[in-house]
Amino acid sequence: MRRRQRSELQAMSSLKFGTSGLRGLVIDLDGAPAYAWTRGFVSHLERSGQVGSKSVLVGEDLRASSPSIAARCAAAVKDAGWRVVACGALPTPALAMAAMARDAAAIMVTGSHIPDDRNGLKFYSPAGEIDKADEGGIRLAHDDLVPEIREAAHRLDLSSVEHAGPAAINAYVARYTDFFGKDALKGLRIGVYEQSSVARDVLTIVLAALGATTTGLARSDRFIPVDTEAHRPEDVELIAGWARDHGFDAIVSTDGDADRPLVAGEAGAILRGDVLGMMTANHLGLRTIVTPVTSSSAIEAADFAETVVRTRVGSPFVIAGMAEAARQGRAGIVGFEANGGVLLGSDVSRDGRTLDALPTRDAVLPILCAMSEIVRTGKPLSGVVADLNAGFTAADRLQDVPAERSAPFLARLAGDRGFAEALFAPVGAIAAIDAMDGVRTIFANGEVIHYRASGNAPELRCYIEAGSREDALQRLAWGLGAAREALG
């Protein structure tokens with residue numbers, strides 16, 4: 001009975017596990033919930049035998065609410081009898097790397113790219129990013145907390161605990177400077193769109209250490225929700241203007257917690273995330289690709305892809321696919337998503353240097369691989385992209401579409417062929433429908449329209465594949481309009 005009552009209260013909260021951690025409104029997280037979910041996380045680790053060094057590294061992005069939430073998480077860790085290691089503001093992959101090196105768990109306080117009135121928690125066991133089974137265990141452990149723990153909301157003074165942020169950042173920087181080498185990007189002029197990315201300084205340091213000349217752009221003291229997949233019109237306009245005015249070889253950035261990259265070429269055209277993933281796989285010689293159904297079908301046709309494994313959207317599913325590929329004896333494993341996050345599933349050795357596997361989403365690796373391809377080929381980034389033959393896609397979303405509206409639409413689209421044929425009559429004959437994650441409709445003319453509900457926000461996302469960029473953009477506008485009308 002008590003668990004059912006708690007579940008009913010949770011249903012009233014905006015906090016939900018999505019494609020990458022627990023997220024929701026700040027007013028629903030910064031208080032007792034942040035404390036309780038952290039206690040649930042630690043309890044789950046104990047129940048499942050994932051204790052490691054019995055310590056938790058706590059990091060945060062640059063949102064206004066993140067320091068307060070981090071202090072509540074730290075209090076919960078200490079009250080559970082575990083050691084707290086404060087890392088402050090740093091990229092999520094740097095935190096994950098530091099935690100795995102210490103055989104420790106980690107919590108990153110971040111909402112990634114969603115607005116500043118929202119935030120979230122990303123959980124890492126000592127083995128790395130949690131999977132869907134861990135999410136279920138955390139929920140159960142959270143529901144089993146006694147009232148006095150569930151209602152606690154105090155903060156820990158982080159000045160009283162060990163701080164490992166600078167060491168974690170230095171190790172993360174060295175990871176890439178040691179592997180790529182000091183002249184890897186010599187001669188390149190790169191604009192760094194700093195905004196409120198937690199990696200803005202780290203990215204500049206790494207690029208400069210590899211020989212590039214960098215220019216910082218649009219640094220912000222307030223949080224800006226930069227989405228690396230559904231690009232804000234203002235970001236597109238800014239980047240196009242910088243490309244026109246400065247003559248950069250590329251402009252680079254990340255989302256809020258730096259696990260997803262944003263890269264634009266010399267003319268200001270923003271690269272797709274799956275293109276960056278393909279570029280990374282090709283540059284590093286990785287032949288086993290694990291990627292969600294939202295990535296381009298051109299991956300299967302790439303000459304460097306020996307094995308392609310498709311998953312649902314979300315890093316936990318990609319990680320599970322990478323682990324299965326490893327169990328099957330596959331080598332050269334890399335995972336990536338349409339939003340650009342790249343997960344390195346295998347060690348990479350080159351010229352006597354080794355880049356260790358880091359199976360969590362990382363923005364810096366694909367940025368460096370893309371920049372290195374400019375140097376290796378002697379071509380502008382647009383030429384490197386053209387050589388990949390990655391096809392043409394487009395993506396955007398309808399905002400303020402909660403699950404209670406999107407779910408019936410997607411269920412009908414997947415289960416009612418007549419409805420689907422009527423909706424898509426202007427597109428053409430339907431060849432196949434894939435409902436692995438959302439509804440992906442493949443047409444006889446080769447086009448693809450894929451609708452899915454976001455796991456992180458009340459949005460319905462639309463992904464398009466078409467024969468040209470112009471066709472993809474036109475079909476995207478049509479697809480968004482058709483969905484808007486069908487939703488009513």
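Just so you know, these numbers use all the heavy atoms, side chains as well, and skip hydrogens, waters and symmetry mates.
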A.B. asks: Is a side-chain N or O of Asp347 found less than 3.5 angstrom from the main chain of Ala357, in a donor-acceptor match?
C.D. replies: yes
A.B. asks: Counting N and O atoms only, with roles assigned by atom type, does the side chain of Ser55 sit under 3.5 Å from a partner on the main chain of Arg83, one being a donor and the other an acceptor?
C.D. replies: no
A.B. asks: Could you label the plane-to-plane angle of the His142 and Trp37 rings as parallel, tilted or perpendicular, counting under 30° as parallel and over 60° as perpendicular?
C.D. replies: parallel
A.B. asks: Taking side chain as C-beta onward, heavy atoms only, is Cys73 less than 4.5 Å from Ile69?
C.D. replies: yes
A.B. asks: For residues Lys122 and Thr110, determine if any side-chain heavy atom of one lies less than 4.5 Å from a side-chain heavy atom of the other.
C.D. replies: yes
A.B. asks: Ignoring hydrogens and geometry, is there a side-chain-to-backbone donor-acceptor pair from Arg200 to Gln195 under 3.5 Å?
C.D. replies: yes
A.B. asks: With sequence neighbours excluded, give me every salt bridge (Lys or Arg N to Asp or Glu O under 4.0 Å) pair touching residues 268-291.
C.D. replies: Arg272-Asp274
A.B. asks: Under 4.5 Å between any side-chain heavy atoms of Thr354 and Ser349, yes or no?
C.D. replies: yes
A.B. asks: Might you point out which heavy atoms bring Ser346 and Ile333 nearest each other, and give the distance in Å?
C.D. replies: OG-N, 2.9 Å
A.B. asks: Donor-acceptor check, side chain of Thr215 to backbone of Gly191, threshold 3.5 angstrom: yes or no?
C.D. replies: no
A.B. asks: Could you give me the CA-CA distance, side-chain angles and deciding distance for Leu22 and Ile138, then say whether side-chain contact (heavy atoms from CB on, under 4.5 Å) is met?
C.D. replies: CA-CA 11 Å; Leu22 181 79; Ile138 294 169; over 6 Å; no
A.B. asks: Salt bridge or not between Asp434 and Arg310? Use side-chain N to carboxylate O under 4.0 Å.
C.D. replies: no
A.B. asks: According to ring pair (Phe, Tyr, Trp, His ring centres under 6.0 Å), who are the partners of Phe443, at least two apart in sequence or on a separate chain?
C.D. replies: Phe424
A.B. asks: After noting the C-alpha distance and the side-chain angles of Asp131 and Ile319, does the key distance pass the side-chain contact (heavy atoms from CB on, under 4.5 Å) rule?
C.D. replies: CA-CA 8 Å; Asp131 58 21; Ile319 290 170; 5.9 Å; no
A.B. asks: Counting heavy atoms not belonging to Asp351, are there more than 12 under 6.0 Å from its CG?
C.D. replies: no
A.B. asks: Hey, could you give me each pair passing salt bridge (Lys or Arg N to Asp or Glu O under 4.0 Å) that has a residue in residues 236-253? Not counting sequence neighbours.
C.D. replies: none
A.B. asks: Go through the structure and list residues passing side chain to side chain donor-acceptor pair (under 3.5 Å) with Thr204, not counting sequence neighbours.
C.D. replies: none
A.B. asks: Rounded to the nearest 0.5 Å, what's the gap from OG1 on Thr254 to CG on Asp362? Could you check?
C.D. replies: 10.0 Å
A.B. asks: Mind checking the CD-OG1 spacing from Glu229 to Thr294? Nearest 0.5 Å is all I need.
C.D. replies: 6.5 Å
A.B. asks: Distance-only, no hydrogens or angles: does the Arg452 side chain make a donor-acceptor pair with backbone N or O of Leu410 under 3.5 Å?
C.D. replies: no
A.B. asks: So, using ring pair (Phe, Tyr, Trp, His ring centres under 6.0 Å) as the criterion, who are the partners of His450 when residues are at least two apart?
C.D. replies: Tyr463
A.B. asks: Out of curiosity, Leu460 CG to Tyr451 OH, how far, rounded to the nearest 0.5 Å?
C.D. replies: 7.5 Å
A.B. asks: Would you name the heavy atoms of Gly268 and Ile239 that are closest together and state the gap between them?
C.D. replies: O-CG2, 3.6 Å
A.B. asks: Can Arg63 and Asp61 be counted as an ion pair, charged N to O under 4.0 angstrom?
C.D. replies: yes
A.B. asks: Using residues 278-285 as the side-chain source, report each donor-acceptor pair under 3.5 Å to any protein atom, sequence neighbours left out, with the distance given to one decimal.
C.D. replies:
residue, atom, partner, partner atom, Å
Thr280, OG1, Leu276, O, 2.8
His283, ND1, Glu373, OE2, 2.7
His283, NE2, Arg350, NH1, 3.2

A.B. asks: Can you name the closest pair of heavy atoms from Ala338 and Ser295 and give their distance?
C.D. replies: N-OG, 3.6 Å
A.B. asks: Arg175 versus Asp356: any side-chain heavy-atom pair under 4.5 Å?
C.D. replies: yes
A.B. asks: Using atom types as modelled and distance alone, determine if a side-chain donor or acceptor of Arg189 lies under 3.5 Å from a backbone N or O of Gly247.
C.D. replies: yes
A.B. asks: Among all residues two or more places apart in sequence or in another chain, which pass the side chain to side chain contact (heavy atoms under 4.5 Å, CB included) test with Lys182?
C.D. replies: none
A.B. asks: Answer whether the closest heavy-atom distance between the side chains of Leu358 and Pro93 falls below 4.5 Å.
C.D. replies: yes
A.B. asks: By the definition salt bridge (charged side-chain N to carboxylate O under 4.0 Å, His left out), identify the one residue from Arg361, Arg260, Arg312 that meets it with Glu337.
C.D. replies: Arg361
A.B. asks: CD/Glu135 to NE2/His44 distance, rounded to the nearest 0.5 angstrom?
C.D. replies: 10.0 Å
A.B. asks: Provide the closest heavy-atom pair for Val275 versus Ala390 in the form atom of the first, atom of the second, distance.
C.D. replies: CG2-CB, 3.8 Å
A.B. asks: Which pair of heavy atoms, one from Leu344 and one from Val348, lies closest together, and at what distance?
C.D. replies: CD1-CG2, 4.0 Å
A.B. asks: Under the side chain to side chain donor-acceptor pair (under 3.5 Å) rule, collect the residues that match up with Arg222, sequence neighbours excluded.
C.D. replies: none
A.B. asks: I'd like to check the side chain to side chain donor-acceptor pair (under 3.5 Å) partners of Thr38; sequence neighbours left out, ordered by chain and number.
C.D. replies: none
A.B. asks: Is there a side-chain contact between Val252 and Leu207 in this structure, where contact means two heavy atoms from C-beta onward sitting under 4.5 Å apart?
C.D. replies: yes
A.B. asks: Which pairs count as side chain to side chain donor-acceptor pair (under 3.5 Å) when at least one residue sits in residues 314-333, sequence neighbours excluded?
C.D. replies: Glu129-Ser315, Thr307-Arg330, Glu324-Arg327, Glu324-Gln328
A.B. asks: Say you draw a straight line from CG of Leu158 to CD of Glu60; how long is it, rounded to the nearest 0.5 Å?
C.D. replies: 7.5 Å
A.B. asks: Between Glu194 and Arg219, is there a side-chain N and carboxylate O pair less than 4.0 Å apart?
C.D. replies: yes
A.B. asks: Under the ring pair (Phe, Tyr, Trp, His ring centres under 6.0 Å) rule, collect the residues that match up with Tyr124, sequence neighbours excluded.
C.D. replies: none
A.B. asks: Does any non-hydrogen side-chain atom of Phe248 lie less than 4.5 Å from one of Val192?
C.D. replies: no
A.B. asks: Taking NZ, NE, NH1 and NH2 as the nitrogens, is one of them in Arg23 or Asp257 under 4.0 Å from a carboxylate oxygen of the other?
C.D. replies: no
A.B. asks: Asp255 and Thr228: side-chain hydrogen bond (donor to acceptor under 3.5 Å, both in side chains), yes or no, with the steps?
C.D. replies: CA-CA 6 Å; Asp255 65 341; Thr228 63; 5.6 Å; no
A.B. asks: Locate the shortest heavy-atom distance separating Leu210 from Gly181; write the atom from each residue and the value.
C.D. replies: CD2-O, 3.0 Å
A.B. asks: Side-chain contact, heavy-atom cut-off 4.5 Å: Arg102 with Val85?
C.D. replies: yes
A.B. asks: How would you list, by chain and number, every residue that makes a ring pair (Phe, Tyr, Trp, His ring centres under 6.0 Å) with Tyr176, sequence neighbours excluded?
C.D. replies: Tyr172
A.B. asks: Taking atom types as modelled and ignoring hydrogens, do the side chains of Ser65 and Asn119 form a donor-acceptor contact shorter than 3.5 angstrom?
C.D. replies: yes
A.B. asks: Can you tell me how far OG1 of Thr214 sits from CD1 of Ile190, rounded to the nearest 0.5 angstrom?
C.D. replies: 8.0 Å
A.B. asks: Treating Asp387 as the side-chain partner and Val384 as the backbone partner, does any N or O pair qualify as donor plus acceptor under 3.5 Å?
C.D. replies: no
A.B. asks: Please determine whether a side-chain nitrogen of the Lys or Arg among Asp235 and Arg232 lies less than 4.0 Å from a carboxylate oxygen of the Asp or Glu.
C.D. replies: yes
A.B. asks: Tell me whether Lys132 at atom NZ has more than 12 heavy atoms from other residues, nucleotides or ligands lying less than 6.0 Å away.
C.D. replies: yes
